[in-house]
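One structure below.
Throughout, numbering of the chain's residues begins at 1 and tracks the sequence. What you see is a predicted model; the values in this text were computed from it and never measured. The analysis underlying the following values was restricted to heavy atoms, covering all of them including side chains, and did not include hydrogens, waters or symmetry mates. Whatever order the structure lists them in is the order used to number ligands and atoms, beginning at 1.
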Amino acid sequence: MNKIKKILPGSIAEEMEIESGDILLSINNKKVVDIIDLMYLTNDEFIVVEIQKKEGEIWELEIDKEFDEVLGIEFENPIIDDATRCSNNCVFCFIDQLPPNMRSTLYFKDDDSRLSFLQGNFVTLTNLNEDKFKRIIEYRISPINVSVHTTNPELRVKMLGNRFAGNIMERLEKLTSNGIVVNAQIVLCPGYNDGDELSRTLGELITLGGNLQSVAIVPIGLTKHRKGLIEMQGFDDVTSKQVIDIVHPFQEIALKKIGTRFAFLADEFYLLSGVPFPPYEAYEAFIQHEDGVGMIRKLDHEVRAVLASNRYNMGISRRVLILTGVAAYPCLVSLAESVMAVFPKVKIDVVKIENAFFGERITVAGLVTGTDIKKQVLSAEHCDAILLPVSMFRAEEDVMLDDCSITDLETHYHKPVVKVGELGIDFVESILYGGK
Ligand code: SF4
């Protein structure tokens, strides 16, 4: 149902008196099947929009607008249509390793190119028939994020638990040769797609040309709830270093040959191995930042630039608590020390939260839950505010994975709780003013 949830302030929809609760019936006499349809059909200077008002009345609105100006409506279901479910049974699937009794939406395994385009979700391309392929190309659903994992057909079938998963190179070729930009992901699993298989995958992906824009390599995540599933190994300091020793030389060759390093490693490989992070420039445009690639280097670079700008009152007095996961803890301590060196009256305590909820092998900040915070941070009495990275919260929500909200934490600690954005300026300003 194309039921409208929200009208953006100042938008065409607001001007036309479209309201939440109204139903979008058609645009230019065509039914709007999903959000891609909406984007495609509204890309014009004159459109006719048919709306059913809450009271049942039908309105036909003739709209003159800029070619790419959006209507400014959001739907109860963000992609309008139901999301496509994945048809795989991946050996490393994180959803299979979730504890029971979490919010039901967390167990939904989507594999939908529309969500990839709109929200950056990764798709495997295993459930696309000819028509869906055509639609991606015709409607220019680009860029899309593709979970490749390996280009070895037999290995991909085994890793994805899907006998139709093998022809990934053919599918990628079809997209990229038709102008669709693809950012690829490899979830690296020791003993499966690392070592020579990783070299093979990178060597084959790079042959697809410029529209295969980048490859993110991220390590498998293993929770303590991995019961009744195939035994899998995680990465440690030695095996992480082995991955870096494959990818860094590959990056150098790629840079010389095609002008980009092409493949980028998730921060976890550096944190686990102790190998220093590459310089800021080596992440190029930070294309795969959302996938945990270059987050720490970027934050570090930006915080130091903000501190060097001398734009704040150095005499400001604050005491804050910063919470993070085990992996990023040393980096955040170092950043906090840099801030305190510039602001002598600012006191920052960084606390690492061990992940008891998912198990100790999960060390990223993004999977820390309120349950663990409440168990491990017994008091916040002496601080002015508690700062949590935005990655601990579900997209555009103030709720963590275990449904603990900012309000819950504020009630628990009787202190302001601040969600800190990803930029260096967010980090510094949250310390100085957050929760005031
Ligand atoms: S594609 Fe694989 S990893 Fe993703 S949800 Fe499906 S089974 Fe899980």
>> Quick check on atom 6 (Fe) of ligand 1: does C86 put an N/O/S atom closer than 2.8 Å to it?
In response: yes

> Which protein non-hydrogen atom lies closest to atom 8 (Fe) of ligand 1, naming both residue and atom, and how far is it?
Replying inline: C93 SG, 2.3 Å

> Heavy atoms, side chains only, cut-off 4.5 Å: are H225 and P99 in contact?
Replying inline: yes

>> Between K53 and E19, does any NZ, NE, NH1 or NH2 come within less than 4.0 Å of an OD or OE carboxylate oxygen?
In response: yes

> Are the side chains of I51 and L24 in touch, meaning some heavy atoms are under 4.5 Å apart?
Replying inline: yes

> Do NZ/NE/NH1/NH2 and the carboxylate oxygens of K158 and E154 come within less than 4.0 Å?
Replying inline: no

> Starting from atom 7 (S) of ligand 1, which protein heavy atom do you reach first, and at what distance in Å?
Replying inline: C90 N, 3.5 Å

>> On a heavy-atom basis, which atom in M400 and which in T369 lie closest, and how many Å separate them?
In response: CE-C, 3.9 Å

>> So if I count the atoms of ligand 1 from 1 in the order they appear, which ones are less than 4.0 Å from some heavy atom of T124?
In response: 1 (S)

> So which bit of N88 gets within less than 4.0 Å of ligand 1, heavy atoms only: side chain, backbone, both or neither?
Replying inline: both

